[in-house]
Structures are given as structure tokens and as C-alpha cells.
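The structure under discussion appears below in the form of C-alpha cells.
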Amino acid sequence: MAVRSRGAWRRLLLLLLLAGSAASPAEEGGGRREAGGGEQGEEAARPHHDSPYGTITSEFYDLRYLSEEGYPFPTAPPVDPFAKIRVDDCGKTKGCFRYGKPGCNAETCDYFLSYRRIGADVEFELSADTDGWVAVGFSSDKKMGGDDVMACVHDDNGRVRIQHFYNVGQWAKEIQRNPARDEEGVFENNRVTCRFKRPVYVPREETIVDLHLSWYYLFAWGPAIQGSITRHDIDSPPVSERVVSIYKYEDIFMPSAAYQTFSSPFCLLLIVALTFYLLMGTP
């Protein structure tokens, strides 16, 4: 009886094992199908990308251009516009040089420059009627050669970059060490305009001058080819009449050639002499 009972239990255990082994693949398959169905559901809910580039740009768009509420901005965040140069401060809180038509300002002069001290820096503002470059040179004399030059150059991409040059004779050589900072520039209405700072004191170096000393200022502007400066527009660019000190603010106007006809002492003397000759020659 005990032997028969043990045999019955063995048969029952064997049947349960066979039933379990037969059900496992189905259950696993069902589990895989269920999991597969879940993956298919997730795939259906997940946006499809046609290329890796689309994936990258989509993720960038999601991170960069979504507001806190989750809505996309219509455009990228705006860039601060270039603040216009104020001329009513000239001679008061900053020094200015204007070259062109009498009464011109930073937007109408052929050339405009301003300077002012801000802490340990000097801020310069330059503007000229050109689509290429505008520059100021710091010279120990009134001649080109051996001069520290800061130039604002309009490149082919529409940007205005501040570059550092050193005049070797009549040739401007770009210097990699650039003392400019807080740079900004714009090209509008066929004018190159820029603003930057550079330190008053610098380590002694041939190509960079100390601005706490007084220098003649050389004013120049001209065309650019593929972001590289070329010869200035006029043969004899204007120069400051005397050395300039950053500790003294003046508003100096220099008439351009078109407005120098009757303001030159030589022209006035010639007119007087001609008038006297005509009067004396008349019977």
C-alpha cells in the first residue's frame, strides 16, 4: 500500500513538472509579447527622427527654446542692441573728435571718435562712413610708422571685430595680443561703429602703449576685403593737432577737405591778395 502510494505521488509530481515546463514558454512568450507590446506602445508615443541630425536638433530645441510652461519660444532670445553713441556728453564726461561737415555727430561725421576713463580702463567709441574698417592710432609723432593701432573691421559675415595692429612703416601688421575687451560693434547705414575698452596701464611692450601718457591720435578708415583691411580712403588721414591726454575731455571738430576751402589760412591769404591785385589793377 505504501509502495503504491509512493508511486502515485511520483506520477503526480511528474505530471506537474511536465505541465509546468509546457506552460513556461507560453508564459515567457506572453511576457515577451506583453513587453514587446509595451515597447511598441512606447515607440508609438515616442517621436520618430529621420536622422541623427534631427535627433540632435530636436533635443537642442527642446532644451534651449522651451519656456518654463513647456511652450516653444517663437524665436531665439534677442541680442541686446548696440547703444547709440551720445554726443551731448562730448567735452563734459568724454573727449570727442569729429571729422566732416560742421555740426555732424557720430552718425553723420565722416569719422568720429570718443574716449573716457572708466576705472582702470579707457573706453573708445569709433564710427566712420565706410563698409570696411575704422581705426585710431597712438603715435609719438604725426606720421604713420611705429604706431599702436586699434581697428574695428567689418567682415564678410556681417560682424564687426576689434583687432590690434602695429604700423611698420606704411604697412599695418596684425598683432595677436589684443588689449581690447568688452567689445561690441555694428554695421548699419553703411557705417562701421564699435565700442571697446583697453587698460590704461599695460606691461612695457613695443606694440602696446600706455594710455596714461599723451599721444598724437591718428584717425583712419577705409575698405576691407574678406575681413582684411586695405589702404585708407584718403591719402592724408586727419591727425590730432596736438597730443591727447585721456585726463582732459575736449570736443574737437576738424572740417573735412570739402569744408576747408575757405577756412584754410593760405586760402584766405590768397583771396585777400587776389582782391588787392584786382583793386590796384583797376583804373
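Hydrogens, waters and symmetry mates are skipped; everything else that's a heavy atom, side chains included, is used. Because the structure is a prediction, the values reported are computed rather than measured.
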What distance do [X] atom [atom1] and [Y] atom [atom2] have between them, rounded to the nearest 0.5 Å?
{"X": "S114", "Y": "R86", "atom1": "OG", "atom2": "CZ", "answer": "11.5 Å"}
{"X": "I208", "Y": "N178", "atom1": "CD1", "atom2": "CG", "answer": "8.0 Å"}
{"X": "C96", "Y": "L113", "atom1": "SG", "atom2": "CG", "answer": "8.0 Å"}
{"X": "I118", "Y": "R116", "atom1": "CD1", "atom2": "CZ", "answer": "4.0 Å"}
{"X": "L213", "Y": "Y201", "atom1": "CG", "atom2": "OH", "answer": "8.5 Å"}
{"X": "F124", "Y": "Y115", "atom1": "CZ", "atom2": "OH", "answer": "9.0 Å"}

Is the distance between the ring centroids of F97 and F219 under 6.0 Å?
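That pair passes the under 6.0 Å test.
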Do the ring centers of Y99 and W221 come within less than 6.0 Å of each other?
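So the answer is yes for these two rings.
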Do you know the tightest heavy-atom contact between [X] and [Y]?
{"X": "T193", "Y": "V160", "value": "O-CG1, 4.2 Å"}
{"X": "L211", "Y": "P199", "value": "CD1-O, 3.9 Å"}
{"X": "A180", "Y": "I162", "value": "CB-CG2, 3.5 Å"}
{"X": "D129", "Y": "N190", "value": "OD1-O, 3.4 Å"}
{"X": "K142", "Y": "Y216", "value": "CE-CE2, 3.5 Å"}
{"X": "F253", "Y": "C104", "value": "CE1-SG, 4.3 Å"}

With a 4.5 Å cut-off on side-chain heavy-atom distances among I, L, V, M, F, W and Y, is there a chain of contacts connecting [X] to [Y]?
{"X": "I252", "Y": "L126", "result": "yes"}
{"X": "F196", "Y": "V122", "result": "yes"}
{"X": "I175", "Y": "W171", "result": "yes"}

Charged N to carboxylate O under 4.0 angstrom, R98 versus D251?
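Looking at R98 and D251, the cut-off is met.
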Salt-bridge test for K94 and D89: reply yes if a basic N is under 4.0 Å from a carboxylate O, no otherwise.
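Salt bridge absent between K94 and D89.
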N/O donor to acceptor pairs below 3.5 angstrom from side-chain atoms of residues 237-248, sequence neighbours left out:
unit_1, atom_1, unit_2, atom_2, d
S240, OG, Y217, N, 2.9
S240, OG, R242, O, 2.9
R242, NH2, E250, OE1, 3.3
R242, NH2, E250, OE2, 2.8
S245, OG, Y247, N, 3.2

Is the shortest heavy-atom distance from the side chain of I85 to the side chain of R195 under 4.5 Å?
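Yes - at least one pair of side-chain heavy atoms lies under 4.5 Å apart.
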Can you find a heavy atom in the side chain of Y111 that is under 4.5 Å from one in the side chain of M254?
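Not in contact.
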Qualifying residues under side chain to side chain contact (heavy atoms under 4.5 Å, CB included), relative to P203, sequence neighbours excluded:
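Counting only residues at least two positions away or on another chain, P203 forms a side chain to side chain contact (heavy atoms under 4.5 Å, CB included) with R177.
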Can you list, pair by pair, the side-chain donor-acceptor contacts under 3.5 Å of residues 144-159, counting residues two or more places apart and other chains?
unit_1, atom_1, unit_2, atom_2, d
D147, OD1, S139, OG, 3.0
D147, OD2, G145, N, 2.6
D147, OD2, N167, ND2, 3.1
D148, OD1, H164, NE2, 2.8
D148, OD2, R198, NH1, 3.1
D148, OD2, R198, NH2, 2.9
D148, OD2, V209, N, 3.0
H154, ND1, D131, O, 2.9
D155, OD1, N157, N, 3.0
D155, OD1, G158, N, 3.2
D155, OD1, R159, N, 2.9
D155, OD2, R159, NE, 3.2
D155, OD2, R159, NH2, 3.2
D155, OD2, R161, NE, 3.2

Donor-acceptor contact below 3.5 Å, side chain D141 vs main chain K143
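It does hold such a pair.
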F112 backbone acceptor or donor facing S127 side chain under 3.5 Å:
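No; zero donor-acceptor contacts below 3.5 Å.
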